[in-house]
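A quick write-up on the structure given underneath.
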2 protein chains.
Amino acid sequence: MRPQSKVRITIKGRIIGGPRPLICLPLMAGDRTALMEQAATIASLKPDMIEWRADAFDRVTDTASAGQALRTLHARCQALPLIFTCRAAAEGGRQALAPETRLALYQMAIRSGQVDLIDIELSSGDATIQTLRPMCRSAGVKLVLSYHNFDLTPGRDVLRRKLQQAEKAGADIAQIAVMAQDGHDVLTLLQAAWEARSRYLTIPLIAIAMGAQGAITRIAGGQFGSDITFARGLKSSAPGQPGIEALRMAWSLLPWQNEPSA
Amino acid sequence: MRPQSKVRITIKGRIIGGPRPLICLPLMAGDRTALMEQAATIASLKPDMIEWRADAFDRVTDTASAGQALRTLHARCQALPLIFTCRAAAEGGRQALAPETRLALYQMAIRSGQVDLIDIELSSGDATIQTLRPMCRSAGVKLVLSYHNFDLTPGRDVLRRKLQQAEKAGADIAQIAVMAQDGHDVLTLLQAAWEARSRYLTIPLIAIAMGAQGAITRIAGGQFGSDITFARGLKSSAPGQPGIEALRMAWSLLPWQNEPSA
């Protein structure tokens, strides 16, 4: 009832690119106490996966401190697939970090054995991506390569190029997240997702239109090929995220309502 | 936050084509007792408008009996705008009726002073439409001209022609309802709605993709220019209608959530 991915990824029993889109809840915490509180609440909301947005963590430049927080988080949520993300400020990150600091954090995360996926921007550049790509492969960590635009929705040709670039660079999952100003932007994003899934992309896809106008893509994107949607547990990590309970209610109206969850 | 219609229609305080799409609940009853039971339940669900699908009424060929049912319904629900529809069997109607029988029913409804709108298929032909059009105008009844396809979603050019044909024939509201088989069909319908609203249609619009795949258009169509959505009160009148409570929950996630209801 929804278009599945040619290549599917199964992590801890969840199928990315399978019969049902997955719900990911982001954790946006300034310190370890807040992180643990959020983790406890979020686990009770039973998402399919969680994402630690390390760029929201005050002491993230202290790699040892970040590593300790990651260990505690992993111990608390080990039944759930965990995405490690340290978002660049230019693409929505909460603090400006030097490229080498971010690279060191990603390397720490991959080596920790505690994360299942990492998400890094395509704009990080070939050198960074080609450093992380083999590390991910040997550690069994999946690589999400992403493109964000918080200002506008580029044309469908730009979105196609970004997704093709992600697959070519060795992504396990390709992601686009763009700001929608109106219904036309929403349709551009959904068409880009549908075209990617039906014509050229073999890997799983995350396609999101941000902002109030884009909220519908977080609900219904799965029908057009998007495999993961980010919902709000406690704090949102990007504009337009629905609360997880309202999202599930809306999903009861959509075609994958009766599909198995994993 | 949603694209409004150039021409708006206000009936009993509800704005068709205004800041918020309206929710219409259809009544599909075989006899007067069932009709009254449905009317009571439906009024308690507080829709913006109701539609009497007269083609579901067993004794509809007896114009006097249909007129009596209409009077009772009107007395029960006079605070709500009422659409009178006797759908042709070829476009989803529940019984086959001779064209002259349907014409007589529509004439009875317009003359009754008890209906606010009538909905008739474009395929009824020019003669029928041009008979009803002036009657509607002098009685203050709004005319919905509609196109249904229960098999498939035609291309965007066909949908454009149907909407232009409706406006040209003197419709106050133009309607298209097509069966969606996949996400591509859904996008075709939503694009047709967006294009109509932003480029050429001056009157309010109803645009629906039917079936499980199309359910999302019943939730989010308002964002792309559709002004009325049909929900399920007790019985659905077409495939894919959401329950009104679930629809309202889903709407809490969408951009017109804070718009005034009238």
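Proteins come first, then strands; the chains are lettered A, B, ... in the order of their sequence lines, and each starts at number 1.
- Within 6.0 Å of CE in B:Met49 there are more than 12 heavy atoms belonging to other residues, nucleotides or ligands.
- Residues A:Pro255 and B:Ala212 share a closest heavy-atom pair of CG-O, 3.5 Å.
- Between atom OG of residue B:Ser198 and atom NE2 of residue A:His184 there is a gap of 8.0 Å, rounded to the nearest 0.5 Å.
- One distance of note links CZ of B:Phe224 with CG of A:Leu187; it measures 4.5 Å at 0.5 Å rounding.
- Interatomic distance, B:Thr188 OG1 to A:Gln191 CD, rounded to the nearest 0.5 Å: 8.5 Å.
- The environment of B:Lys46 atom NZ is sparse: at most 12 non-hydrogen atoms of other residues, nucleotides or ligands sit within 6.0 angstrom.
- When the heavy atoms of residues 151-183 of chain A are compared with those of chain B, the residues falling under 4.5 Å are A:Asp182, A:Gly183, listed by number.
- For a residue to count as touching a neighbouring chain, one of its non-hydrogen atoms must lie under 4.5 Å from one of that chain's; by this rule B:Ile219 touches chain A with the side chain only.
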Where do B:Val186 and A:Leu190 land on the side-chain contact (heavy atoms from CB on, under 4.5 Å) test, with the steps shown first?
-> CA-CA 10 Å; B:Val186 172; A:Leu190 292 177; over 6 Å; no
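- A donor-acceptor distance shorter than 3.5 angstrom exists from the side chain of A:Gln213 to the backbone of B:Met1, with no hydrogens or angles considered.
- Closest approach of B:Gly243 to A:Leu253, counting heavy atoms only: N-CD2, 4.4 Å.
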